[in-house]
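Below, read A as the first sequence line, B as the second, and so on, with proteins coming before strands; counting in each chain starts at 1.
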Amino acid sequence: MYALVDCNNFYASCERLFQPALIGKPVIVLSNNDGCVIARSNEAKLLGIRMGAPAFEIKDVILKNNVAVFSSNYVLYGDISRRVMNTLSQFAPEIEIYSIDEAFLNLSGFDIYDIEAYARKIVYTTTKNIGIPVSVGIAPTKTLAKVANKIAKKNQDKKGVFILNDKTSINKALEEFSVSDVWGIGRQYSKFLNKYNIFTALDFVNTNKEWIRKNMSIVGVRTMEELQGNPCIEMETTPPDKKAICTSRSFGTMQSEYEPIAEAVAQFAATCAAKLRKQKSCAAMMIVFIHTNQFRKDLKQYAKNIVVSLPVASNSSMELIKYAEIGLKAIYKKGFQYKKAGVIVSDIISENNLQTSLFDEVNRDNQKKVMQVLDKLNSKMGRDKVRIAQQGFSRKWKLRQEKLSPCYTTNINDILIVKT
DNA sequence: TCTGGGGTCCTAGGACCC
DNA sequence: TCTGGGGTCCTAGGACCC
């Protein structure tokens with residue numbers, strides 16, 4: 001059996017941890033740049049606030065109902081997540097951290113226990129230790145555990161726990177479960193399946209397997225098998241190295257001049273480099289992109305990306321910034337108002353088996369040492385305290401974050417604020 | 001009249017997830 | 001005024017090999 005543990009309204013719950021007065025009140029968290037709604041407390045959901053709704057469109061609802069609004073604070077959520085996962089890992093020998101707010105636990109061999117009591121203990125302990133409410137779904141496959149979790153969350157009377165462990169209960173659950181809510185079936189496939197009168201998960205399971213294979217590839221077949229109780233998706237206990245790493249942001253205000261955009265792109269390249277170093281790998285290819293605001297139909301539009309090949313794979317901030325600048329210079333055009341830029345690195349290999357070039361003129365040992373010192377200093381003093389000059393300090397492009405909460409658990413100054 | 005057989009690698013595009 | 005960010009996997013088709 002697998003358990004899927006999912007934090008309830010995670011980001012909203014994190015904000016509430018430090019403002020308990022907000023418990024029972026509507027809370028929402030906005031995306032970067034305070035753009036869209038990305039997390040809602042139950043009370044906010046009841047007000048009809050949709051996931052992904054642009055903040056400016058729901059201004060009236062927010063004011064009228066006194067909704068608490070937060071900018072997203074990923075440093076805080078990341079730290080709370082780490083604590084939740086630590087607690088969860090005590091409950092099973094194998095844990096897969098599936099996302100910032102979800103984890104699968106491998107409960108094989110736990111049949112000898114009262115599995116429901118065990119699940120309640122997970123809910124109780126996490127709530128007590130961390131203060132974040134969670135829901136637990138337990139079933140013979142990961143996809144069914146996802147189903148069980150949704151049922152646990154949806155029905156108040158389940159008190160955060162639901163178990164699917166026999167044919168009858170599984171069939172009944174699938175019959176009442178919309179196919180569009182199944183893990184692995186998104187909007188496009190839902191629409192497609194509905195066209196063929198497949199509306200529930202049970203309809204889907206009873207469909208011809210070859211037909212699924214033809215129309216939804218092997219991925220669809222796996223989902224089908226999983227819903228039938230045959231495990232096809234294994235636990236992934238150690239996260240695989242990333243094959244591509246992307247750093248991109250929308251600008252707080254649109255930018256026309258080259259310099260602030262170059263500063264932003266240098267920052268993104270440096271962040272990509274730091275992420276590469278963290279997983280001990282190097283990238284041999286980079287994509288730089290910029291675009292204007294697609295929502296502003298009244299403005300001239302421009303969007304362009306460029307692929308830059310690195311002669312030797314690298315994870316040095318200095319080198320990545322250099323190539324990002326070359327890319328940006330090639331695609332930047334005067335006369336547009338830019339809204340967003342980004343850097344993607346790929347062709348990623350381990351830093352241990354780097355293929356250097358005969359004609360390589362870069363002193364890689366030196367760069368490596370510099371980066372090690374830089375990482376060490378920044379981990380102690382704070383992100384980007386030491387930086388490459390091109391990353392700059394003007395920050396004209398910086399995010400809009402008007403409702404940012406303090407980093408209560410990670411920033412020394414914020415911690416002091418809490419204490420006093 | 002009639003034109004083999006069996007592979008690999010790469011890429012773009014489309015689906016999905018949180 | 002105002003609309004997020006970061007990933008994965010699979011397939012078909014083309015190019016190429018012998």
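- Annotation: of the two residues near DNA chain C, A:Lys340 and A:Lys59, the 5′-most nearest-nucleotide partner is A:Lys59.
- Classified by interplanar angle (parallel below 30°, tilted 30° to 60°, perpendicular above 60°), the ring pair A:Tyr302/A:Phe336 is parallel.
- Taking every side-chain heavy atom of A:Ile218 into account, C:dC10 is the closest of C:dC10, B:dC16, C:dG7.
- Residue contacts shown for A:Lys146 are limited to sugar-phosphate atoms, with no base heavy atom under 4.0 Å away.
- Among the atoms of the strands shown, only primed sugar atoms or phosphate atoms (P, OP1, OP2) are found under 4.0 Å from some heavy atom of A:Glu102.
- At a threshold of 4.0 angstrom between heavy atoms, the contacts of A:Asp34 with the nucleic acid are absent.
- Residue A:Ala53 is classed as having no contact, given no heavy-atom separation below 4.0 Å to the nucleic acid.
- Nucleic acid contact class of A:Lys339 (heavy atoms, under 4.0 Å, all strands): sugar-phosphate only.
- Side-chain proximity of A:Pro54 to C:dT3, B:dA15, C:dG7: nearest is C:dT3.
- Using a 4.0 Å cut-off between charged nitrogen and carboxylate oxygen, A:Lys142 and A:Glu96 count as a salt-bridge pair.
- Here A:Thr247 lies in heavy-atom contact (under 4.0 Å) with sugar-phosphate atoms only.
- Cation-pi geometry between A:Arg187 and A:Phe192 is not satisfied (NZ or CZ under 6.0 Å from the ring centre, within 45° of the ring normal).
- In the set C:dG4, C:dG6, C:dC9, C:dG6 carries the atom at the smallest distance from any side-chain atom of A:Lys275.
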